[in-house]
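Please read the structure below before turning to the comments.
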Amino acid sequence: MGGENKIEMGTSENGFIKRAMVIGGGIAGITASIDIGNAGYEVLLIERLPSIGGHMLQLSETFPTLDCAQCTLTPKTVETGQHPRIRLHTYSEVVRVAGRAGNFSVQIRKKAAYVDWEKCTGCGLCQQKCPSRYPSEFDRRMGLGKAIYTLSPQAVPNKPVINPEHCRYFLEKKCRVCEKICPVGAIHYQQEDRLIEEKVGAIVVATGFDLMPVERFGEYGYGEIPDVIDGLSFERLNSASGPTNGEIRRPSDGRIPKEVVFIQCTGSRDPERYMPYCSRVCCMYTAKHARLYKHKVHDGQVYIFYMDIRSTGKGYEEFIQQTMEEGILYLRGRVSRIFREGEKIVVWGVDTLTGKKVEVLADLVVLATAIVPHQETKTLAQILGIHSDSYGFLTEAERKLKPVETNQEGIYLAGCAQGPKDIAETVAHANAAASKVQALFATH
Amino acid sequence: MKKLGVFICHCGVNIAGTVDVKRVAEEIGRTEDVCHSVDYIYMCSEPGQQLIREAIQEKRLDGVVVACCSPSMHENTFRKAVKTAGMNPYLCEIANIREQCSWVHQKEKEEATRKALQIIQATLEKVRRNEKLEPLAMSLHRNVLVIGGGIAGMTASLDLAQGGYEVILVEKSPALGGHMAQLSKTFPELSPAFPGLLAKASEIEAHPKIELFCYSEVEEVKGYIGNFEIGLRKKTTYVDWTRCNGCGLCIEVCPIEYPSPFERGLGVRKAIDFLYPHCIPRRVFLSSTQCPYFKDRSCGRCAEVCPQRAIQFDQKEEKIERKVGAIVVATGFDLFPNEKLGEYGYGEIPDVIDGLTFERMLSPDGPTRGRIQRPSDGRVPKEMVFIQCVASRDPDRYMPYCSRICCMYTAKQATIYKKQVPDGQPYVFYMDIRSDGKGYEEFLQKTIEENGILYLRGRVSRIFQEDGKVKVWGVDTLTGKRVEIGADLVVLATAIIPSEGVKELASKLRATVDKHGFLTEAHIKLYPVESSTRGIYLAGCGQGPKDITDTVSQASATASKIQALLSTDKLFQDPLIAYVDETICSGCGICVEICPYEAREMDLRRGISVVHSALCQGCGACIAACPNFACELRNSSSIQTLRMVDTFI
Amino acid sequence: MKIELSREKVHNDFAKKVEWISGQNLFACYQCGNCTAGCPVAFAMDIGPHEVIRYTLLGLEEETLSVNTYWLCASCLQCSSRCPKGIDIARVMDALRMIILRKKERKDYIQISEFPEGFLEKVPQIAFISGFRKFLS
Amino acid sequence: MNYLYFPGCTLYTKAKNFDQTARNCSLLLGFELVELPNWTCCGATFPLATDNLMALLPPARILARAKEQGEVLTTLCAICFNVIKRTNHLIQKDGEKREKINQFIEMNYQGDLKVLHYLEILKQEIGFSTIQERVKKPLNELQAAPYYGCMLLRPFEEMGFDDKERPTLFEEFLTALGARSIDFPYKIECCGSFQSVGTPEVATECAYRILTSAMRQGAEVIVSTCPLCTFNLDQKQSDILKAHLDFKTIPVLYFTQLLGVAMGLEPQTLGFEQNAVDPIPLLKRKGLV
């Protein structure tokens with residue numbers, strides 16, 4: 001329900017452009033776009049991947065309600081896709097920004113999809129028939145994807161792109177199966193990147209996060225032990241749409257792990273070697289992981305190595321306590337080393353409360369690796385002329401009272417690009433960014 | 001015969017893991033009037049919705065059942081979807097086979113499948129008799145009431161005013177600022193809290209779009225989204241604020257001093273005084289319980305000395321009425337009272353104080369001018385104990401939740417203490433250190449290292465007075481040893497609780513609160529600032545403990561939601577409400593009494609009861625109460641309900 | 001079982017001495033236990049290295065000096081190499097050894113006279129030179 | 001090309017065979033190890049107490065003297081290497097200590113010598129491919145487990161020898177000799193070091209864990225870079241047999257011994273008679289002696 005929006009705004013008399021650009025199509029960007037759009041302003045939503053949804057689309061369930069992430073997000077992605085005032089530019093990047101609040105000139109690169117999206121009906125035949133298979137990034141390399149792909153069957157927009165690094169036509173100049181099978185002739189191998197120019201009055205930066213790669217952790221096997229995975233990978237394992245259809249099976253041999261170790265603060269709270277800050281979401285998502293695992297593998301045992309349990313959100317502490325009461329063993333201490341020994345993974349940790357060294361022979365180890373800004377955020381900050389900190393997180397104008405403003409008028413921040421935060425906080429942060437855009441437009 | 005379509009969602013494995021969706025689709029497909037029955041992994045996704053739209057157009061369906069999750073989740077989604085395919089949205093119904101079936105019968109697959117079939121069949125019964133309905137259009141007021149003048153309410157008000165909307169800001173105390181005005185410095189920068197707050201308050205006071213009511217409370221709330229009618233009570237300050245210029249002469253002559261609640265009992269105020277120095281609005285107020293004039297008319301010096309003749313001993317309370325389109329509830333927090341903590345001395349040990357009291361002590365404009373001293377004897381404390389999680393994370397005795405800000409403010413307080421008393425030792429008893437905001441962990445580690453703050457992982461079992469010291473019995477779980485400290489001053493980080501009176505206010509607003517009294521949001525992830533009642537939004541600690549940064553974000557978020565709401569000139573409401581068969585109604589009036597939303601009224605001229613469509617929430621109470629069966633609910637008629645029940649027996 | 005804490009105790013001379021000799025800030029310790037988790041000789045220790053740091057910080061001089069932990073430390077630096085706060089734990093262990101060995105009473109950990117016959121002939125020089133340096137005053 | 005060489009006490013006396021094989025192999029590889037004149041003991045431990053200046057003086061003096069002779073100093077013993085290299089690093093970085101040290105030793109040394117372990121010489125200066133070409137008797141897929149121990153690797157920032165969690169240099173060396181290098185998790189875990197004089201049973205247990213870890217991965221022989229590790233792993237096997245009834249012995253070789261075999265040196269010159277667990281039967285089985 002809600003309002004039927006009647007107010008149309010474009011440019012005010014003094015030439016102030018009342019149209020916003022949101023960079024990043026995760027939950028932060030989606031939320032900001034819908035809010036600005038609902039207030040009656042036009043929005044350009046720029047997403048670097050072929051479809052919107054961001055990392056939230058990779059999640060299985062969300063804490064503390066254990067609601068299905070797909071179910072809470074897809075209505076939002078659908079709403080974004082159908083919103084009369086939101087224009088999606090997916091598979092696109094911001095190349096250049098000039099000007100100031102009310103009059104930014106923006107250059108956007110629309111990457112070559114090698115598919116004519118105007119013609120494509122999203123029937124999916126090309127993906128079915130494509131013979132090339134390679135580890136899918138969306139499934140954290142645990143499942144196989146095709147060279148012509150959408151991120152998920154529920155993608156918005158539901159249009160595929162060809163990855164030339166894996167496409168047989170681009171590699172060997174043969175195949176062309178997709179071209180032959182496409183009923184509307186949408187495959188277009190000669191397509192090239194396009195640069196387009198747009199004018200906007202305000203910008204919201206919502207470029208999100210990445211996880212610190214497991215390859216960085218020597219003491220944990222440099223990412224080369226297949227059954228040592230990160231938190232997002234576990235989300236995919238747990239997801240009904242993931243590579244195992246939601247069954248918890250370990251990547252190495254597909255067996256159901258019975259001893260599962262979760263390690264918090266991997267790369268976080270480690271000023272000497274990695275990141276000094278707390279990544280804020282790991283304590284909660286690990287507790288969630290532990291419970292979802294336990295619900296699926298009743299005779300399995302979960303061990304969680306932690307330093308401090310951080311469950312500060314509404315209903316979070318209660319969630320943690322319930323998790324413990326379900327028989328999940330929390331061990332206060334870090335893990336010094338992980339190595340493979342036969343089919344098992346040996347975990348050398350400690351329980352500082354007894355003071356004893358602990359060894360667990362695990363079947364699966366999940367590392368809660370540090371939240372880091374998305375790698376392109378720094379470049380983007382330079383393009384926009386806004387500040388970022390030494391880790392690459394974007395800097396707000398003032399810590400307490402201006403958490404979404406930047407040093408540039410008309411440019412606002414939303415979500416994890418500014419610092420680690422959970423979905424609820426991200427949504428509120430994005431709403432707040434939208435509020436600032438609305439106020440900026442209303443006062444001109 | 002109608003042509004019906006049934007769409008069964010797998011919800012990943014949430015449904016399909018328990019219910020045999022293929023079999024359900026097949027069996028339902030055999031029903032005579034069902035000409036389309038399919039299943040799909042995520043019906044709510046774009047391709048899922050496309051399936052529905054295509055079927056409606058191709059098979060010219062007259063009704064749709066989507067078997068999926070709770071209607072509170074996706075009824076809207078699917079009604080929108082059928083509408084774009086040209087179908088009246090009220091011909092689409094949800095059969096909840098997730099919350100009411102697959103989730104509760106995870107171990108009984110066969111039973112669950114049978115139950116899913118029954119739920120869908122029952123819903124089909126409903127759809128068969130559904131009417132086409134149109135949403136009800138309502139006009140709306142394009143202004144906002146903000147309740148609470150702390151940092152949350154102030155931020156929301158300014159955002160809305162800047163967005164061009166008129167704001168009525170109501171604060172129960174005589175000045176703006178809330179608890180933030182009591183703080184010394186804010187973490188992690190250790191910058192003074194006051195200047196930023198003062199700037200905002202000044203802006204509010206001067207803003208042409210904001211109407212400020214301090215020392216006022218919301219008495220009455222009627223109406224609904226877009227059309228709230230508000231009754232405010234302006235309490236008596238005994239000072240005519242239109243005349244008072246804040247010169248302060250009255251304060252100088254006032255002979256009465258009493259412990260100031262703002263200073264948490266550490267300092268005194270006069271019977272006529274400011275709420276706090278430099279407060280905004282800069283106006284004095286008089287406490288009638290302290291003022292001798294109100295006892296025996298013995299004084300009156302303030303009135304004599306006031307150059308503006310602003311003192312009004314006979315001032316009366318004022319009632320003010322306003323109409324607004326939306327409401328922001330930013331009622332903030334209180335601290336759990338020390339007096340309830342028996343093991344820590346029932347608040348009777350003078351040198352055991354809470355975090356806010358210590359803030360006043362640390363404030364340069366506070367009662368000690370920022371000097372740290374024991375309340376009992378004014379000595380500088382050298383052994384300084386801070387205790388975390390006092391009444392928080394204590395489900396058995398107090399509050400189960402984490403109060404979120406204590407870890408950080410304690411680290412801040414210990415740092416300020418150590419800077420002021422270099423030879424003193426701060427101890428912090430904690431369970432888990434929670435420094436999860438931007439820059440917080442770095443601040444915490446730096447201050448522990450540089451200032452030698454001793455963190456002890458463990459709770460404190462008991463505190464008592466002995467030989468001029470405050471004995472603290474705690475534990476260090478990392479050595480497993482009991483710890484005893486003879487402290488000079490103890491600061492308790494007591495639990496954050498909703499501020500007093502929120503429950504009553506919530507019931508006036510028809511907003512829900514949780515068992516601790518925090519206002520509940522519509523959805524914890526996706527609608528964190530919307531309340532369960534449309535048109536009412538939540539900002540700040542009234543919704544749950546949060547720090548200033550998160551409060552400010554959330555307050556701005558409410559402003560965004562409201563600007564979107566008010567950017568239209570008409571609102572639309574579901575027509576699924578009660579209606580009266582005028583030929584049967586006897587005008588007995590039972591429905592008028594029973595309606596919880598004041599949506600039923602007697603039409604005295606016609607002698608029958610009518611429905612106020614904007615107020616009716618479709619709860620059905622009047623239908624059950626009507627002795628003549630004269631009331632019905634649109635698309636939930638008695639015959640529909642009975643047919644649905646029939647399918648289950 | 002009980003510790004009475006006061007600022008004298010927290011800023012005890014013992015902890016200060018350990019900090020001074022080792023050059024490490026004991027307050028920086030997270031008490032995360034990573035040192036103990038990776039210690040190759042933790043199996044034989046009375047208490048883990050992280051506990052030694054804790055005991056020292058709390059001024060439990062007598063108890064700290066009566067455990068075998070730092071005597072067993074082989075200075076392999078596995079703990080130091082993985083400490084998230086960059087504390088060189090092996091230096092803390094060495095400092096504790098030094099505190100005992102530098103006492104007037106010369107409480108040596110090993111007695112050369114007690115070595116089995118032929119021991120010194122068999123063991124490489126580096127072993128007993130480093131052993132003497134670590135265990136003898 | 002000749003390299004200035006610091007033998008250290010152990011290789012000069014009890015483990016002379018390790019020293020001699022290295023010298024002989026060097027000649028076959030086209031360079032000579034030139035012994036540093038007037039060398040003294042390095043002290044065998046890098047002092048961890050920050051106030052222990054005295055323990056820094058012997059290695060400092062060694063470095064200062066070496067600098068008078070050349071630009072690069074090499075060692076074979078991992079402990080000597082660790083002590084000398086760390087001291088060198090300290091002299092480079094800590095101006096205050098540098099000044100004090102120079103006053104004590106009455107020399108002026110700035111920390112500008114390059115300290116390299118013999119394995120680093122082989123890799124960086126000679127090249128493992130060259131060694132592979134000059135190998136006379138490839139090791140015939142001998143399943144050799146490279147044991148690094150601590151001293152070469154830690155502290156990483158000062159030693160800079162190889163990756164601290166998963167080093168590979170030693171593996172490359174063994175592969176160049178024609179052996180099959182066996183990866184095992186305990187290759188970077190401590191052998192107990194000088195605990196063999198402090199608490200010998202601890203060193204015995206450490207050795208047991210390391211040896212069995214390698215054997216589980218299929219090792220036929222353990223190869224070490226440190227004379228003390230070699231002692232703990234090899235000589236302690238008789239004690240392990242007493243503590244662990246299921247234990248089976250395994251030969252432990254110093255890396256120069258294995259290099260000697262591959263370079264075709266006469267077995268008699270390699271000092272196998274000093275090994276507690278006789279490697280000859282294994283080497284015979286592999287056709288290497």
Side-chain angles (χ1 to χ4, degrees), chain A residues 212 216-222 261-279 282-283 303-310 330-339 345-362 365 367-370, chain C residues 1 3 22-58 60 63-64 66-70 72-93 96:
Chain A
M212 183 180 271
R216 288 275 305 272
F217 301 97
E219 70 274 34
Y220 297 163
Y222 284 115
V261 171
F262 291 89
I263 304 175
Q264 311 281 276
C265 302
T266 306
S268 305
R269 301 186 72 193
D270 196 332
E272 184 68 14
R273 303 179 302 167
Y274 308 104
M275 297 300 175
Y277 54 81
C278 161
S279 292
C282 326
C283 281
Y303 310 83
I304 301 178
F305 285 95
Y306 73 101
M307 305 213 323
D308 292 283
I309 303 178
R310 297 188 164 170
Y330 273 80
L331 294 151
R332 190 190 177 283
R334 271 194 183 260
V335 168
S336 174
R337 198 174 169 210
I338 294 172
F339 57 87
I345 302 152
V346 183
V347 178
W348 281 355
V350 67
D351 174 48
T352 56
L353 298 172
T354 55
K356 303 241 183 293
K357 188 171 165 168
V358 172
E359 181 175 292
V360 184
L361 299 181
V365 176
L367 307 176
T369 45
Chain C
M1 254 312 270
I3 319 168
S22 66
Q24 309 299 306
N25 179 355
L26 300 186
F27 274 100
C29 177
Y30 263 140
Q31 280 294 307
C32 71
N34 205 340
C35 43
T36 305
C39 179
V41 293
F43 65 88
M45 287 175 172
D46 293 337
I47 58 175
H50 76 277
E51 286 177 295
V52 168
I53 290 180
R54 191 77 190 156
Y55 277 50
T56 308
L57 188 64
L58 298 184
L60 304 173
E63 283 180 68
T64 312
S66 66
V67 298
N68 67 359
T69 306
Y70 42 87
L72 293 188
C73 170
S75 305
C76 79
L77 307 191
Q78 194 65 274
C79 46
S80 310
S81 82
R82 292 187 188 133
C83 175
K85 294 299 293 285
I87 300 173
D88 197 337
I89 295 107
R91 286 187 186 271
V92 176
M93 298 298 129
L96 288 162

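Between chain A and the options C:G86, C:A42, C:C79, C:P84, the largest number of non-hydrogen pairs under 4.5 Å is found for C:P84. Contact tally against chain A (heavy-atom pairs below 4.5 Å) for C:I87, C:I47, C:N34: the top residue is C:N34. In terms of heavy-atom pairs under 4.5 Å with chain A, the best-connected choice from C:R54, C:H50, C:K85 is C:H50. Chain C forms more heavy-atom pairs under 4.5 Å with one residue of A:G355, A:S336, A:G349 than with any other, namely A:S336.
Of all heavy-atom pairs between A:V350 and C:G33, the closest is CG1-O, 3.1 Å. The nearest pair of heavy atoms linking A:R332 to C:Q31 is NH1-O, 2.6 Å.
The CH2 atom of A:W348 sits 10.0 Å away from atom SG of C:C39, with the distance rounded to the nearest 0.5 Å. The line from SG of C:C83 to CZ of A:R334 is 8.5 Å long, rounded to the nearest 0.5 Å. If you take OG1 on C:T36 and CG on A:D351, they are separated by 10.5 Å, rounding to the nearest 0.5 Å.
Inter-residue side-chain proximity for C:M45 and A:K357 is flagged as unmet; no heavy-atom pair is nearer than 4.5 Å.
Taking non-hydrogen atoms and a 4.5 Å limit, the residue list of residues 262-272 of chain A in contact with chain C, ordered by number, reads A:R269, A:D270, A:P271, A:E272.
For chain A, the nearby part of C:E51 is the side chain; its heavy atoms alone come within less than 4.5 Å. Of the two parts of A:V335, only the backbone, made up of N, CA, C and O, holds a non-hydrogen atom closer than 4.5 Å to a non-hydrogen atom of chain C.
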